[in-house]
Each structure stands twice: as C-alpha cells, then as structure tokens.
Amino acid sequence: MKRDILISFLILCCGPFITVGQELLDTLPQIADPGTNAAVMFSEDNPEAATQAYRDQDYKKSIALYEQIITKGMTEDKVSAQLYYNLGNAYFRDNQLGKAIVCYERALLLDPGDGDIRHNLRFAQTRTIDRIDTADNLFLANWFKGVRNIFSSNQWGIVAIVLFILFLGCTAVYLFVRLLWARKSAFYAGVILLLLMITANTFAFSQKRERTHRDAAIVMVGAATVNASPDTGSNQLFELHEGTKVKIRNNDGNWYEIQIADGSVGWIRQQDVEII
C-alpha cells in the first residue's frame with residue numbers, strides 16, 4: 001500500500017514536467033531541409049527560385065523571394081530555421097548587416113544547436129563596430145544560455161522524457177529489489193536522474209520563453225544614440241552602431257529602455273532597432 005502511494009506521489013510530482021516536454025514536441029515547428037522538405041512545404045512560393053537568385057548573385061531578388069516565403073509561412077506556422085538562415089546569407093551578401101544578424105538570431109531561436117547558423121552569426125558580428133565587454137553578472141547568464149543552446153527545446157523535451165523513464169526504472173528497483181547494493185545504487189542514480197530531468201525541463205522552458213517573449217533587438221541604423229530618458233532633449237549616454245544586440249527592458253511611447261552586454265542602460269528610439 002505504501003509503495004503504491006509513493007509511486008503515485010512521484011508520478012504526480014514529475015508528471016507536469018513530462019507534460020510540458022511533450023507539449024513542446026507537439027507545438028514546435030519542424031526544421032525543413034532546404035533541398036527537400038522546404039521545397040515541398042512552400043511549393044507555391046518556390047524557394048528554389050530564391051536559392052537560384054542567390055546563386056546568380058541577385059541578392060535583392062533572393063531577399064524579396066525569401067521574405068515572401070517567410071511571410072506566408074508565418075501565417076501557417078511553417079517557418080523554418082533554414083529559411084531564416086538563407087535569408088540572413090542573402091542580406092549579408094547585400095551588405096545589410098543588421099538585417100542579416102536579425103535573421104541569424106531568429107534562425108537560432110528555432111534551431112539553437114545548428115553550428116552553421118552560429119558560425120555565420122559570429123562572422124557577421126565581427127563586422128560590427130561596437131566592442132562591448134560582458135558584465136560579470138551577465139557572464140553566468142551567457143554561460144547558462146551556452147549550455148542550454150546545445151539542444152533545441154524540442155530535443156530537451158525528449159531528453160526529459162528519457163530521463164523520467166530511467167527515473168521510474170530506478171524507483172522500481174529501489175522499491176521491489178531486495179539486494180541492498182542494488183537499492184542503494186538505484187536511490188543515488190534516481191536522485192541524479194531527477195536533478196538532470198529538472199535541468200532539462202528548465203532549459204526547455206527557458207528556450208520556449210525566449211521564443212514567445214521576444215526581449216532582444218538588433219540596432220538597424222548606422223549610429224543610434226542612447227539617451228538618459230525617453231526624450232530627444234535628454235542627455236546622450238552613448239552611441240550604438242548597426243548590428244549591436246540589446247536587451248529590451250521597458251518601453252515608453254516610441255522609445256525602448258535597453259540594456260547592453262556590459263550592463264549599461266538607456267533609452268533608444270524604436271525605429272532604430274528591430275526585435276529578433
């Protein structure tokens with residue numbers, strides 16, 4: 001009787017984590033292969049034409065076609081990381097650095113573990129003017145994101161489900177096996193698996209929140225002034241340049257309160273940035 005109660009309690013406690021992981025698997029858009037699935041998924045808009053325009057170095061036409069495909073895909077919830085990646089490449093070749101970085105960042109939100117996207121984003125960031133040191137309190141946050149972005153939220157959901165199954169196996173060994181060494185091993189392994197499962201779900205939750213609550217933006221103009229208050233007449237604190245990433249903290253009318261990597265805070269005009 002006690003064992004049944006304990007098992008029911010464990011499932012009740014851990015069940016919500018697995019439910020969330022499964023919801024992530026069901027709701028996240030699938031990444032399309034540019035050579036196969038993307039062409040089928042967006043056959044009406046023909047992404048091959050956009051790809052061919054890129055190969056022909058007609059980057060403006062390629063941009064227009066990819067933008068059209070993505071706009072249509074957003075209405076059907078079928079936008080893939082590959083499309084944003086290709087669009088970012090076209091923008092980069094067209095010397096629109098801010099737009100290229102925005103597209104790479106959006107691609108990473110959909111597929112944070114993709115090495116090609118991350119490589120191109122880093123390369124594009126080397127072309128930016130601003131060199132901002134990371135504040136100590138933001139270093140841990142960046143480290144957390146670095147580990148979290150090894151997998152997508154979809155993949156973290158799968159990891160959580162596997163860990164939960166293993167955890168139930170350890171629980172069964174602890175409850176029903178008589179050997180003392182086996183019960184001890186199952187107990188300690190179960191504790192570790194439980195902590196790892198919570199961590200995996202934390203990463204999945206964090207990625208999902210980042211995708212749904214867009215609080216980061218890229219500077220889109222050559223030079224944008226950051227003021228002390230949301231007023232053009234207020235003191236100018238510093239200046240940011242195209243391609244710099246900022247975090248949005250608040251908004252007031254046509255202004256965003258932003259924070260940069262070194263912790264500095266100020267107000268910037270909304271027209272000078274684009275939300276990722």
Side-chain angles (χ1 to χ4, degrees), residues 13-31 80-82 84-85 88 101-126 128 130-170 188-218 243-249 258-264 275-276:
C13 291
C14 299
F17 290 108
I18 304 307
T19 300
V20 171
Q22 186 60 48
E23 287 177 354
L24 289 171
L25 294 176
D26 294 338
T27 58
L28 287 177
Q30 298 298 312
I31 304 304
S80 73
Q82 188 67 48
Y84 277 122
Y85 173 72
I101 291 177
V102 166
C103 290
Y104 291 145
E105 291 279 6
R106 288 172 178 169
L108 276 182
L109 287 178
L110 295 172
D111 190 7
D114 190 292
D116 291 336
I117 298 173
R118 194 168 298 281
H119 174 270
N120 282 21
L121 174 60
R122 288 172 179 163
F123 184 77
Q125 288 171 336
T126 63
T128 60
D130 298 324
R131 296 290 179 265
I132 304 172
D133 296 328
T134 302
D136 292 338
N137 62 327
L138 294 178
F139 175 79
L140 291 177
N142 291 334
W143 178 85
F144 172 85
K145 290 182 179 180
V147 177
R148 179 199 66 182
N149 291 339
I150 294 175
F151 300 121
S152 67
S153 53
N154 190 359
Q155 293 168 327
W156 282 120
I158 295 174
V159 170
I161 293 172
V162 172
L163 290 172
F164 179 70
I165 294 173
L166 294 175
F167 172 75
L168 290 181
C170 290
Y188 290 116
V191 171
I192 294 173
L193 289 170
L194 180 62
L195 294 176
L196 291 175
M197 183 183 66
I198 293 173
T199 301
N201 278 282
T202 300
F203 288 154
F205 270 116
S206 177
Q207 284 191 348
K208 183 175 175 63
R209 182 188 180 281
E210 191 169 275
R211 287 186 55 196
T212 56
H213 300 82
R214 305 292 179 91
D215 61 354
I218 301 297
T244 300
K245 187 176 182 178
V246 300
K247 180 180 180 181
I248 297 175
R249 293 160 47 100
I258 56 101
Q259 181 179 10
I260 59 177
D262 64 3
S264 300
I275 295 177
I276 295 172

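Counting begins at 1 with the first residue of the sequence.
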| query | How long is the gap from CD on Q125 to CD1 on I101, to the nearest 0.5 Å? | reply | 5.5 Å
| field | Set of side chain to side chain donor-acceptor pair (under 3.5 Å) partners for D130, sequence neighbours left out | value | H241, T244
| Residues two or more places apart in sequence or in another chain: which of them pass side chain to side chain donor-acceptor pair (under 3.5 Å) with T199? | none
| task | Could you grab the distance from atom NZ of K245 to atom CG of L121, nearest 0.5 Å is fine? | result | 7.5 Å
| query | Which distance, rounded to the nearest 0.5 Å, do you find between the CG of L110 and the OG of S153? | reply | 9.0 Å
| Shortest non-hydrogen separation from N149 to Q207 and the atoms involved | OD1-NE2, 3.3 Å
| All side chain to side chain contact (heavy atoms under 4.5 Å, CB included) counterparts of L109, not counting sequence neighbours | E210, R211, R214, I276
| message | Between N154 and S152, is there a side-chain donor-acceptor contact under 3.5 Å, judged purely by atom types and distance? | response | no
| message | Working to the nearest 0.5 angstrom, can you tell me the gap between I150 CD1 and K145 NZ? | response | 15.5 Å
| field | Identified side-chain contact (heavy atoms from CB on, under 4.5 Å) partner of L193 from the options I165, L166, I198 | value | L166
| said: Tell me every residue that passes side chain to side chain contact (heavy atoms under 4.5 Å, CB included) with D114, counting only those two or more places apart in sequence or in another chain. | reply: D111, D116, I117
| field | By side chain to side chain donor-acceptor pair (under 3.5 Å) - contacts of N120 (at least two apart) | value | Y85, N89
| field | Reported CZ-to-CD1 distance for the pair R249 and I258, which is rounded to 0.5 angstrom | value | 9.5 Å
| Residues in side chain to side chain donor-acceptor pair (under 3.5 Å) with R122, at least two apart? | none
| request: Return yes if some donor-acceptor pair links the side-chain N/O of R118 with the main-chain N/O of G113 below 3.5 Å, else return no. | output: no
| said: Do R209 and D215 make a side-chain contact, defined as non-hydrogen atoms from C-beta onward lying under 4.5 Å apart? | reply: yes
For residues 156-164, please give each side-chain donor-acceptor pair under 3.5 Å, one per line with the distance, not counting sequence neighbours.
{"unit_1": "W156", "atom_1": "NE1", "unit_2": "R148", "atom_2": "O", "d": "2.7"}
{"unit_1": "W156", "atom_1": "NE1", "unit_2": "F151", "atom_2": "O", "d": "3.3"}

| field | Shortest non-hydrogen contact between A261 and I132, atoms and distance | value | CB-CG2, 3.9 Å
| field | Nearest non-hydrogen partners of A189 and C170, listed with the distance | value | CB-SG, 3.9 Å
| said: Evaluate F203 against V147 for side chain to side chain contact (heavy atoms under 4.5 Å, CB included), listing each step before the verdict. | reply: CA-CA 9 Å; F203 288 154; V147 177; 3.8 Å; yes
| remark: With sequence neighbours left out, the residues meeting ring pair (Phe, Tyr, Trp, His ring centres under 6.0 Å) with Y188 are none
